[in-house]
J.: 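Quick one: the structure is below, and I'll ask about it shortly.
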Amino acid sequence: MKTLDYNTIDLSKEPPVKEPERQYYFIAKAKKYVMEKSKEAGRPLTFCVVTFGCQMNARDSEKLTGILEQIGYREETQEELADFVIYNTCTVRENANQRVYGRLGQLNRAKKQNPHMLIGLCGCMMQETEVVEKLKKSYRFVDLIFGTHNIYKFAELITTRMESQRMVIDIWKDTDKIVEDLPSERKYSFKSGVNIMFGCNNFCSYCIVPYVRGRERSRSPKDIIREIEHLVADGVVEIMLLGQNVNSYGKNLDVPMSFAELLQNIERIDGLERIRFMTSHPKDLSDDLIEVMKHSKKICRHLHLPVQSGSTNVLNKMNRRYTKEHYLNLVDKIRAAVPDISLTTDIIVGFPGETDDDFEETMDVVKKVRFDSAFTFIYSKRTGTPAAVIKDQVPQDVVKERFNRLLKEVQQISSEECSVYTDTVQEVLVEGINDHDSTLMTGRMSNNMLVHFPGDDRLIGKIIQVELKQCKGFYYLGERIKE
Ligand code: SAM
Ligand code: SF4
């Protein structure tokens with residue numbers, strides 16, 4: 001996190017135009033208002049950041065938390081009790097939107113009990129015009145609404161809200177801007193997500209992401225490396241490089257650099273032990289990347305490679321730009337180079353026009369590849385995407401039946417695949433105390449599987465050797481090998 005003395009900023013002057021200096025100015029200003037509010041309340045003010053959706057949102061939430069802490073919100077607490085609540089929303093599937101509306105209703109009741117409470121909404125769902133219209137009309141108690149492109153302006157928007165006492169809405173259609181060096185507060189001391197790019201240019205026909213996250217922009221390798229070096233100096237041993245399609249990293253840079261080259265540069269950072277990345281689009285996964293993974297000592301033995309469907313016909317309508325055969329060949333190539341790799345995937349069931357035969361092709365890919373795990377989704381119609389206007393929607397009962405069959409197959413294969421490491425010794429990064437049994441610690445293997453074993457919290461953040469004694473389907477019980 002940036003350590004800057006915000007008290008030295010002269011608030012009698014006009015705010016700077018340049019970023020991030022402008023935001024430092026507003027952090028200082030918002031801090032003054034929060035201090036006043038806290039005096040009025042007679043206690044430190046609390047906050048709650050609620051994250052919906054993917055790893056990108058999780059990383060954005062760390063940035064929101066960093067700013068809230070810098071401006072003086074002290075402790076994170078439950079949402080009904082907090083003085084500042086922000087929902088970082090997702091809109092990939094329709095049910096994500098419904099969940100937000102439901103929770104907002106409850107939050108309104110809590111706000112009536114707490115005159116200091118402010119409610120903010122940000123993230124992908126806010127990029128949809130109908131959503132903002134609905135909020136403006138029926139959710140007047142919301143204080144602040146902003147989207148995915150101007151999250152860096154959080155402190156400035158809070159200041160505007162505190163000065164105006166009215167609902168503040170700031171949504172941008174798109175941006176080519178990347179603002180570096182803002183505060184962020186990591187959830188874990190030993191691991192962190194690192195954005196390497198923002199947005200997406202792929203326009204898969206079912207997907208709303210390109211419309212709500214904008215065009216693809218890569219961060220400069222210099223900024224990425226500098227951020228990782230700082231993280232490592234601050235105790236981070238594992239990083240997850242984040243992008244909607246990491247394999248197309250660097251294409252729009254002034255001096256283009258491939259993702260494989262970026263990985264090689266990151267690998268050279270002393271003290272960094274593990275590198276993960278997501279997500280990889282099968283159409284762009286290069287032989288160079290496979291070579292780099294093969295020789296790397298730090299890249300984890302896990303690849304998330306969303307297939308979406310096993311039918312070339314459906315893939316075509318999805319605008320995925322690969323065929324079933326291409327995907328299966330790619331899997332063979334990867335496994336030949338990195339035999340112990342764990343492969344996971346995303347699958348959508350019930351894309352418009354999906355026939356029984358198309359679905360059988362998906363089942364065939366699942367049986368052939370034998371994924372270590374798979375996220376299975378029922379197709380959700382997203383207004384504004386090309387697939388939403390395809391007439392041929394699959395009846396719900398047919399989708400349900402296919403979905404259940406797929407899930408059963410995926411789970412069966414997954415439990416068989418996961419047990420192959422029983423009685424081996426694996427390196428495990430210890431992540432925390434087990435949620436259900438405080439005598440156990442929980443760690444993660446290179447292949448992303450979880451292991452629970454007796455230990456104590458002094459191990460958190462360390463990479464240790466654990467013997468895997470028993471496979472429990474999706475995780476292991478193990479014992480630490482003392483070195
Ligand atoms: N960029 C990543 C990729 O291309 O694989 C994933 C982004 S998306 C947030 C995560 C997953 O949500 C996708 O892989 C897809 O399986 C699923 N998804 C996206 N749009 C969907 C929709 N309209 N209905 C159901 N699932 C969807
Ligand atoms: Fe959506 Fe496709 Fe972009 Fe992934 S690659 S975010 S699925 S449009």
Side-chain angles (χ1 to χ4, degrees), residues 51-60 88-98 123-125 127-128 148 174 193 195-218 240-249 251 259 276-285 303-311 314-322 327 330 343-354 359 362 365-366 371 373-390 393-394 396 399-400 402-403 406-407 410:
T51 312
F52 297 84
C54 66
Q55 308 266 0
M56 294 270 186
N57 270 15
R59 180 67 186 132
D60 283 347
N88 187 6
T89 61
C90 167
T91 188
V92 169
R93 284 166 292 276
E94 175 64 26
N95 55 7
N97 290 25
Q98 293 316 328
C124 295
M125 188 177 153
Q127 293 294 136
E128 292 181 274
T148 53
D174 204 348
N195 298 105
I196 61 166
M197 58 209 294
F198 302 94
C200 181
N201 284 354
N202 288 303
F203 291 96
C204 301
S205 64
Y206 51 81
C207 184
I208 202 162
V209 170
Y211 306 90
V212 296
R213 287 266 173 189
R215 292 294 64 71
E216 189 177 290
R217 302 154 330 263
S218 295
M240 162 86 85
L241 305 174
L242 298 171
Q244 292 298 349
N245 175 11
V246 291
N247 299 316
S248 71
Y249 170 80
K251 286 185 180 153
F259 181 54
R276 300 185 185 277
F277 52 83
M278 80 186 299
T279 303
S280 287
H281 195 307
K283 80 176 163 61
D284 294 315
L285 197 145
L303 183 68
H304 187 63
L305 194 63
V307 63
Q308 312 298 0
S309 168
S311 153
V314 173
L315 287 170
N316 202 10
K317 290 191 201 153
M318 285 178 163
N319 193 29
R320 289 290 286 180
R321 285 176 277 168
Y322 54 85
Y327 188 90
L330 192 58
L343 285 176
T344 59
T345 200
D346 293 345
I347 302 170
I348 297 177
V349 179
F351 183 83
E354 182 190 72
F359 177 69
T362 299
V365 168
V366 165
F371 295 104
S373 84
F375 293 105
T376 49
F377 304 109
I378 287 180
Y379 167 74
S380 170
K381 186 169 161 180
R382 307 310 290 124
T383 310
T385 62
V389 291
I390 303 179
Q393 303 284 329
V394 184
Q396 277 310 306
V399 177
K400 269 267 149 61
R402 287 180 192 163
F403 182 82
L406 175 70
L407 192 64
V410 160

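All ligand and atom numbering here is 1-based and tracks the order in the structure.
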J.: Show the nearest heavy-atom pair for residues Tyr206 and Arg382, with the distance to one decimal.
T.: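 Looking at all heavy atoms of both residues, the closest pair is O-CG, 3.9 Å.
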J.: On a heavy-atom basis, which atom in Asn201 and which in Glu216 lie closest, and how many Å separate them?
T.: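 It is OD1-N, 2.9 Å.
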J.: So if I apply the side-chain contact (heavy atoms from CB on, under 4.5 Å) rule between Phe259 and each of Val246, Leu285, Asp284, Asn245, which one comes out positive?
T.: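 Of all the options given, the one that passes is Val246.
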J.: Looking at every heavy atom in both Cys200 and Gln244, which two are closest together, and how far apart are they?
T.: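 Closest heavy-atom pair between Cys200 and Gln244: CB-CB, 4.0 Å.
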J.: Who passes side-chain hydrogen bond (donor to acceptor under 3.5 Å, both in side chains) against Arg213, sequence neighbours left out?
T.: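 By the side-chain hydrogen bond (donor to acceptor under 3.5 Å, both in side chains) rule, Arg213 matches Asn57, Asp60.
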J.: At a 4.0 angstrom heavy-atom cut-off, what protein residues surround ligand 1?
T.: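 Answer by chain and number: Val92, Arg93, Tyr206, Gln244, Thr279, Pro306, Gln308, Arg320, Asp346, Ile348, Phe377, Ile378, Tyr379, Ser380, Arg382.
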J.: For a quick check under 3.5 Å, do Thr91 and Glu128 share a side-chain donor-acceptor pair by atom type?
T.: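 Side-chain D/A pair, Thr91 to Glu128: present.
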J.: Do me a favour and list the nearest non-hydrogen protein atom to atom 7 (S) of ligand 2 with residue, atom name and distance?
T.: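 Going atom by atom, the protein heavy atom closest to atom 7 (S) of ligand 2 ends up being Tyr206 OH, 3.4 Å.
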J.: Count the heavy atoms belonging to other residues, nucleotides or ligands that lie under 6.0 Å from CZ of Phe375, then report whether that count exceeds 12.
T.: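 No.
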J.: Atom 2 (Fe) of ligand 2: which protein N, O or S atoms are under 2.8 Å away?
T.: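 The answer, once waters are left aside, is Cys204 SG.
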J.: If you compare all heavy atoms of Lys283 against all heavy atoms of Arg320, which two are closest, and at what distance to 0.1 Å?
T.: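 Reported closest heavy-atom pair: CD-O, 3.9 Å.
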J.: Would you call Phe403 and Phe377 a side-chain contact if the rule is heavy atoms closer than 4.5 Å?
T.: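 Phe403 does not reach Phe377 side chain to side chain.
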J.: Please work out, at 4.0 Å between heavy atoms, whether the side chain, the backbone, both, or neither of Tyr211 comes within that distance of ligand 2.
T.: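 Neither; no heavy atom under 4.0 Å.
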J.: Considering residues at least two apart in sequence or located in another chain, which fulfil the side-chain contact (heavy atoms from CB on, under 4.5 Å) criterion with Val92?
T.: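 Val92 satisfies side-chain contact (heavy atoms from CB on, under 4.5 Å) with Cys90, Val209 only.
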